[in-house]
Each structure stands twice: as C-alpha cells, then as structure tokens.
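For reference, the structure discussed in these notes is given below.
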Amino acid sequence: MKKKDIILLGTVFLIALILLGIGLMIKKAPAGDGSGLYVCIYRDGKQFGIYPLNEDNTLQLGSETEGRNSLVIKNRSAYVSEADCPGQDCIHMGRIDESGEEIICLPHKLVIRIEGGEPSMDVTVR
Amino acid sequence: MKKNRYVAYMGLLLAAAVLLGYVEALIPIDLMIPGVKLGLANCAILFVLYSFGLKEALIISLLRTLIIGFIFTSPAMLIYSISGTAVSLLIMAIIKKSGHFSVFAVSACGGISHNITQLIIAGFVMLNAGAGLLRILTFYLPVLVMAGIITGLLNAFFANILIKRISVHSDML
C-alpha cells in the first residue's frame, strides 16, 4: 500500500466516522428528555392520574380498601417501589420507560402505562 | 490465433467472476448490516482491469452482473447491481489512471462508489418509505462508506497477489 492510499482512505474513513458519530448523537437526543411521554394510571379500567415522565415524582396510590402501591417516577422511567399485595408482581415488573409499556397490579386492579410519543414496539416480553 | 486466445481468456475470466459471486454466497458470514457484502467478484474485475484494460473489465463486469442477476437474484435487482458495477468500475479506472494510487486505494474506492451508487438508488425508495434524508446521510452513508473501504481493501489484498503472480497480458494483446 502506498502512502497516498493511506492518506486518501484514512481521510474518507474519518469523515464517515464523524458523520456516523453525528448521526448517533442526533438519534439519541430525542429519546433522552422523555418529553411527550406520560405515566397514566388506571384502576378498574378508569384513568385517575396522569403525570409527565420527565418530572421526578413519588406517588402513593390507593387506600386501605383498594390496596396500596408506591409509584416512583425517576430519571424518565417509572417503577413500583412498594406494594401491600401478596404477590409483589408489580414491583418485579421493574422499570418502564417507553411508550406502550405497562406495569400491572392484578389484585389492586391497577394499570400503570406510559402513553404519548411514538410506540417503540408492539409488545414487550419479560 | 490471438483472437481465439483472447476470447478464451475472456470466457475464463467471466466464468471466474461469476463463480466468485457464487462462492461468496456459500460462505456463511453474516455481516449484520443489510446491503453489506464482501464482493469477492471484484477481485476478478480488478485483475482484468490491471492485466487487460478498462474495456475488458467493463465487458466482463456487465456480463457477470447480467448472468448473476438472471440466475441467482431476481432481475428486479438488476438496476441496483448494474449501476453499482458500472459506476464503481469507472471510478476505479479513473483512480488507476491518475497514477497516484495502488490497487488498494483503487479497490477501496470501487467498493465505496459501488455502495454509494446503490444507496442513491435505494434512497429514492427509502425516502418514499419515510426514512429521513438526514438519517440516510448520517447513518447509512457512513456505514456503507466504511464497509466499502474494508471490503475493498480485502479484495485488493487478494487481487494484488493475482496481479503479481499471473501475467497473461504479454502474449494476449
């Protein structure tokens, strides 16, 4: 390989790498702030709360009769930190951060779903 | 006599170029990126370009594309492959003619121009399908350019050996 080959190909490769870097940065940016996404909370099919995903928040959901769940919204993701149900499935469902994802607490008839924005996938299998 | 040899050599090289494309399809290397392939046939084309000339390389590469297009892939893909082949060969010939570069740069530029040409044609389809121009420019273009350089260098490595060891042009032309 000649020196001129290396200079030519190196330059082209570098330009491509920079372009790709810019592309990856552009792609990451809109996903970062979580604007347009909302945490919607339903009990028994009726919506009773809606909170923006990009504002940190800790919510106490329910009462003695309905059952209690603590919902934490932090770093543009939502999760249930505490629940007084026997199974604790809602805690084990972990964090949700993309449109369309859900946390469900069956004994309390509670559904926490992220809505708004573009749904990123049809179904998440855990 | 000379003409007979010429025809025989051309047929042999065309067969080699076609087969290299087939051999490549047999190697189970998945490069993960759609549209990126090694393009082993370019070894044969490079060899023809260096040992014979642009005219012969053009004939063989276009015939190869037609044959591959009708036998292995769908004729609908011909528009991609023919344009990619023709543009990359012309770019390679120009860079070779400039005299400043070796087989490696010639082959890599061939790979780059082949990929860019196909991207431009695919771009019309992709833009209609909703992919943004920015996305094409900042993702597909650099990935395909880098892939073109890497595959081009690999091909040049093989073609370089061929060009050095096989000298047929003296009694041919």
Side-chain angles (χ1 to χ4, degrees), chain A residues 1-40 52-54 75-78 94-102 113-126, chain B residues 32-33 35-36 46 50 88 91-92 94-117 119 123 126 130-161 163-164:
Chain A
M1 223 190 309
K2 283 191 194 173
K3 200 178 168 190
K4 277 182 181 169
D5 292 358
I6 297 168
I7 294 169
L8 174 72
L9 297 180
T11 314
V12 176
F13 199 90
L14 215 67
I15 292 169
L17 211 61
I18 291 167
L19 266 179
L20 187 63
I22 293 169
L24 291 180
M25 264 158 59
I26 291 170
K27 195 173 179 261
K28 265 203 174 142
D33 62 350
S35 59
L37 292 179
Y38 294 91
V39 182
C40 300
L53 186 62
N54 54 357
N75 297 334
R76 76 166 298 282
S77 71
R95 290 167 185 271
I96 54 173
D97 56 3
E98 304 221 35
S99 184
E101 285 191 294
E102 292 174 328
R113 185 189 301 140
I114 295 182
E115 292 180 6
E118 299 258 311
S120 58
M121 52 194 102
D122 298 339
V123 173
T124 312
V125 180
R126 289 176 186 274
Chain B
M32 301 302 287
I33 309 162
V36 174
L46 271 174
Y50 271 81
S88 77
I91 296 279
M92 286 198 292
I94 290 167
I95 291 182
K96 176 176 173 282
K97 192 122 195 178
S98 78
H100 295 295
F101 304 102
S102 74
V103 201
F104 289 92
V106 170
S107 174
C109 289
I112 297 169
S113 52
H114 179 269
N115 287 352
I116 289 180
T117 311
L119 181 65
M126 289 204 292
L133 184 65
L134 195 72
R135 177 102 179 110
I136 293 175
L137 279 181
T138 57
F139 183 73
Y140 294 105
L141 180 69
V143 166
L144 284 176
V145 165
M146 288 192 274
I149 293 177
I150 294 164
T151 56
L153 286 179
L154 273 172
N155 282 324
F157 174 75
F158 297 123
N160 198 29
I161 298 171
I163 294 162
K164 269 184 189 158

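Remember, it's a predicted structure, so these values are computed and weren't measured experimentally. Protein chains get the first letters and strands the later ones, always in sequence-line order, with residue 1 at the start of each.
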Kindly compute the distance separating [atom1] ([X]) from [atom2] ([Y]), expressed to the nearest 0.5 Å.
X       : Y       : atom1 : atom2 : value
S102(B) : K3(A)   : OG    : NZ    : 14.5 Å
D5(A)   : F104(B) : CG    : CZ    : 8.0 Å
F101(B) : I6(A)   : CZ    : CD1   : 12.0 Å
T138(B) : L24(A)  : OG1   : CG    : 8.0 Å

Task: Closest non-hydrogen atom pair, K4(A) against H100(B) - done: NZ-ND1, 2.8 Å
- [ ] Can you see which heavy atom on P142(B) is nearest to which on A16(A), and at what distance?
- [x] CB-O, 2.9 Å
Open item on the list: Within the structure provided, determine whether L9(A) and L153(B) are in side-chain contact (heavy-atom separation under 4.5 Å).
Closed with: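 Side chain of L9(A) against side chain of L153(B), heavy atoms only: contact under 4.5 Å found.
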Open item on the list: Could you tell me if the side chain of F13(A) sits less than 4.5 Å from the side chain of M146(B), heavy atoms only?
Closed with: yes
Task: Option among L19(A), V12(A), L20(A), I15(A) that satisfies the side chain to side chain contact (heavy atoms under 4.5 Å, CB included) test with V145(B) - done: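 Of the listed options, the one satisfying the test is V12(A).
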